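Below, all heavy atoms of this structure are taken into account, side chains as well, without hydrogens, waters or symmetry copies. Everything numeric in this text was worked out from a predicted model, so none of it was measured.
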Amino acid sequence: MKPIIGITLECKEDPEDLRSGGNLALNWNYAQAVSDAGGVPILLPPTADMTVVAKLIHGLLIPGGLDIDASQFGEVNHPKVELQDPWRFAGESALMAVIDPEMPVFGICYGCQFINVYRGGTLIQHLPDEVGHNLHSGGTLQSYEIEAESQLKEVVGTHIMEGKSYHHQAVAKVGDHLRVVAKGEDGVIEALEATDRSWMIGVQWHPERTPGDPASQRLFTDFIMAAQMFAENKSKVLSV
């Protein structure tokens, strides 16, 4: 059985739009990367009953998106912040609260930031203010140094990884039970992993946008393999 991977969505509620009420969105390449790695992607709107969703899925992918409201980590929003709809953060938080602790979780860009904020961390709200350049946005191909003694290093099989960068925010204070496992050349935190879960990794770059890169492929493949193992273990428990 292929593992079912839930993917959360960018959203915009618009009650004044009587035709649609708003919209939900996901870039095609997230679902494609999951399918190519052997998983079955299903899309998760923030209005879903997350207690039901948690019983259906075997892995959770939190993709990129707009900016988290800084009130979630006790700050005032920077003028450059482009706020996401609060439905998204609320829905993902509700799901994180009810999934099995052993379920694999993979965060990409916003997803990495969400994991950090959800676990009590904070964000640099506008990177150019801190590093003096805009090279983290616009699809810049960057190199990241990965910690030698890390799960991420074991997964991708290299200590230097390249990826495309499309973000203006990044991790500041690291959240609870998370460790920094990759940084950019300018010292910006580019990846986190959980110390209290078997598979929870967040990367600030976009591996779904470099599908031909072997290390990017290994990230998705290992995530799906972990979800497959979770599904098999779950099935064994239910059959007892």
Query raised in the report: Does I42 share a hydrophobic cluster with I99, counting links as ILVMFWY side-chain heavy atoms below 4.5 Å and allowing steps through other members?
Result: yes
**Report entry** I62 with L178, same ILVMFWY side-chain cluster at under 4.5 Å
**Finding:** yes
With sequence neighbours excluded, residues passing side chain to side chain contact (heavy atoms under 4.5 Å, CB included) with [X]:
{"X": "E102", "answer": "D100, S198, F230"}
{"X": "K80", "answer": "H78, H126, H168"}
{"X": "E149", "answer": "none"}
{"X": "A37", "answer": "F220, T221, I224"}

Query - Pairs involving residues 197-209, ordered by first then second residue, that meet salt bridge (Lys or Arg N to Asp or Glu O under 4.0 Å) (sequence neighbours left out) - result: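 Passing the test, one end in residues 197-209: no pairs.
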Query raised in the report: So which pairs with a foot in residues 6-26 pass salt bridge (Lys or Arg N to Asp or Glu O under 4.0 Å), sequence neighbours left out?
Result: E10-R88
**Report entry** salt bridge (charged side-chain N to carboxylate O under 4.0 Å, His left out) against R179, all qualifying residues, sequence neighbours excluded
**Finding:**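 Testing R179 for salt bridge (charged side-chain N to carboxylate O under 4.0 Å, His left out), a comparison that skips the adjacent residues, returns E193.
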Query raised in the report: Which residues satisfy the salt bridge (charged side-chain N to carboxylate O under 4.0 Å, His left out) test with R119, sequence neighbours excluded?
Result: D196
Requested in this report: Kindly indicate whether the side chain of W199, heavy atoms from C-beta on, has any atom under 4.5 Å from the side chain of F106.
Outcome: yes
Query raised in the report: Can you find a pair of side-chain heavy atoms, one from I108 and one from V203, that are under 4.5 Å apart?
Result: yes
Query raised in the report: Taking atom types as modelled, is there a side-chain donor on D213 or T210 under 3.5 Å from an acceptor on the other?
Result: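 No, because no side-chain N or O of D213 sits under 3.5 Å from a partner of the opposite role on T210.
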Requested in this report: Decide whether Q125 and E75 meet the rule of one side-chain donor and one side-chain acceptor closer than 3.5 Å.
Outcome: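 A donor-acceptor contact under 3.5 Å links the two side chains.
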**Report entry** Sequence-distant partners of E190, side-chain hydrogen bond (donor to acceptor under 3.5 Å, both in side chains), two or more places apart
**Finding:**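 Testing E190 for side-chain hydrogen bond (donor to acceptor under 3.5 Å, both in side chains), a comparison that skips the adjacent residues, returns H136.
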Query - With sequence neighbours excluded, residues passing side-chain hydrogen bond (donor to acceptor under 3.5 Å, both in side chains) with T8 - result: E92
Query raised in the report: According to the side-chain hydrogen bond (donor to acceptor under 3.5 Å, both in side chains) rule, which pairs have a member within residues 31-55, sequence neighbours left out?
Result: W28-Q32, Q32-D36, D49-T51
**Report entry** Worked check of side-chain contact (heavy atoms from CB on, under 4.5 Å) between L44 and L9
**Finding:** CA-CA 6 Å; L44 307 178; L9 304 173; 5.6 Å; no
Requested in this report: For T140 and Q142, indicate whether the former's side chain and the latter's backbone hold a donor-acceptor pair under 3.5 Å.
Outcome: no
Report task. Give a yes or no on this: more than 12 heavy atoms of other residues, nucleotides or ligands lie within 6.0 Å of atom NZ of K153. Result -> yes
**Report entry** Side-chain cluster (under 4.5 Å, hydrophobic types only) that L83 belongs to, other residues
**Finding:**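 Same cluster as L83: V81.
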